[in-house]
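Here is the structure we will look at.
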Amino acid sequence: MNAKLDALSAHDVLKLNDLGGYTVPTRGLYPFQWNWDAAITALGWLAAGDEARAWREVERLLEGQWDNGMVPHIVFHGDAETYFPGPEVWGVKRSPATSAISQPPVLASVMKLLFEQGRDRRLAEEKLAATLPGVIRYHLWFYRDRDPEHTGRVCSYHPWESGMDNSPQWDGPLAGVPPVDAEYVRRDTGLVDPSERPHKYEYDRYIYLVKFFQQNAHDAEVLYRDCPYRVEDISLISILHRGTRDLIALCEEDAAGLGLVNTHGEALFSLKQSLARTEEGVQALWSDELGYFLSRDARANVLLEHVTTAGILPLFAGVASTAQAQRMGGLLEEWLAQAPFGVASTHPASTRFEPKRYWRGPSWLHINWMLAIGCEEYGMSREADRIKQASQKCIAAAGYYEYFNSVTGEGCGGRDFSWTAAMDLYWLNPLESFTASKAAAGVVEAP
Ligand code: DGY
């Protein structure tokens with residue numbers, strides 16, 4: 001079976017979802033611009049040969065950046081009735097309206113790829129110079145507001161901030177959040193099968209937190225002290241760390257001679273200190289007994305012992321030792337053996353594994369891409385290849401769905417989904433012209 005044969009091409013999916021410089025993840029279910037979706041989708045535009053459009057995606061995301069540096073998880077560029085909670089629920093008074101939390105900042109790592117792999121050098125230099133200051137401020141914001149005690153482990157205030165909304169990791173911390181006391185109407189469950197989405201129990205608490213941020217005027221000190229949900233999320237920490245490394249490398253390599261080190265010297269010094277703190281701080285999240293990294297409930301001071309793909313993302317960050325990486329590589333192999341359309345977001349042997357419910361078991365291809373890069377960089381090419389093959393199998397079985405049942409390969413969630421199409425274009429089945437241009441630019445394939 002090859003679901004791609006009678007479906008839109010990956011490039012057509014991007015074009016379908018293009019609302020004018022920004023790409024919605026999918027029409028209806030997610031009708032605005034999402035932070036990490038936008039970054040991953042920019043890679044799709046690059047691979048489709050539209051470099052200008054790739055950079056435009058970044059610029060439009062940065063239109064939502066707050067004065068304090070935060071790049072929000074949703075930028076509400078237009079109006080739409082099909083999504084809850086919309087701008088009126090978040091209550092953020094700015095234009096364009098945005099949500100009030102962030103999302104895993106894979107943006108900087110993507111910008112490094114756009115810069116290095118873009119064929120139009122003038123465009124790449126001009127766009128990098130224009131967008132880099134905002135992204136540096138974004139990373140400084142994370143370390144300043146989300147790690148005020150300099151632990152080396154930034155925290156998140158909402159499961160949505162992890163992007164892995166209903167991961168079993170958050171069950172414990174979410175139990176400490178009261179339910180919202182107002183009625184609301186969800187839109188997602190009218191658009192996709194409710195058995196593939198989070199439960200009402202979780203939504204009641206998600207919306208409580210949205211209201212809590214508003215009631216506390218988004219004050220960084222108050223939120224750090226009082227937010228009932230404060231989690232050190234190993235995936236967020238890892239993606240931020242990799243992004244910061246990539247930002248610094250972009251400035252230091254400064255292939256274009258843009259004077260980036262001089263212009264951003266002080267910020268780079270601070271970011272390097274943050275990198276060093278995380279390299280040390282993240283080791284507090286390693287479980288030698290279990291052989292992977294854990295997230296931590298910072299309010300309850302409890303490590304969250306669930307085997308999810310989050311715990312393997314330190315490979316992408318490059319913060320695991322060789323011995324730690326090898327243990328995680330072994331774990332990944334048996335993980336894939338148990339759910340062939342993997343990597344299942346929650347380990348199939350977990351009692352909380354549900355193969356088609358959002359982040360409780362389905363596989364997500366942008367996470368697979370990051371895991372494969374991590375494996376490759378630790379010399380685990382066999383694991384990287386297996387992850388790539390499992391990802392290709394998902395698309396062949398179902399097409400460009402948001403995520404995939406990790407046992408059967410059935411497509412789940414939204415269809416004609418931008419980041420899945422982007423991963424196909426960029427990583428899984430790149431067009432010959434793109435592969436050739438990468439080779440000409442001397443780019444060594446990671447995954
Ligand atoms: C949703 O609405 O499902 C998103 O994951 C929140 O960003």
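For ligands, and for the atoms within them, numbers begin at 1 and follow the listed sequence.
Contact annotation: Phe84 has no heavy atom less than 4.0 Å from any atom of ligand 1.
The closest side-chain donor-acceptor pair between Glu57 and Gln33 falls under 3.5 angstrom.
No option in Tyr138, Trp66, Trp36 other than Tyr138 meets the side-chain hydrogen bond (donor to acceptor under 3.5 Å, both in side chains) test with Ser102.
Each of the following atoms of ligand 1 lies closer than 4.0 Å to a heavy atom of Trp160: 6 (C). With ligand atoms numbered from 1 in the order given, ligand 1 contributes 6 (C), 7 (O) to contacts under 4.0 Å with heavy atoms of His73. Taking a cut-off of under 4.0 Å to the non-hydrogen atoms of Tyr83, the atoms of ligand 1 that pass are 1 (C), 2 (O), 4 (C), 6 (C), 7 (O).
Across all their heavy atoms, Arg197 and Arg186 have their closest contact at CB-NH2, 3.9 Å.
Of all the heavy atoms of Tyr358, the ones lying under 4.0 Å from any atom of ligand 1 belong exclusively to the side chain.
Ranking the protein heavy atoms by distance from atom 3 (O) of ligand 1 puts Arg197 NH2, 2.8 Å first.
The shortest N or O to N or O distance between Asp165 and ligand 1 is below 3.5 Å.
Below 30°, between 30° and 60°, or above 60°: for Trp335 and His347 the angle between ring planes is between 30° and 60°, a tilted geometry.
In this structure, OG on Ser295 lies 7.0 Å from CD1 on Ile237, to the nearest 0.5 angstrom.
Two rings, from Trp90 and His218, have their centers 6.0 Å or more apart.
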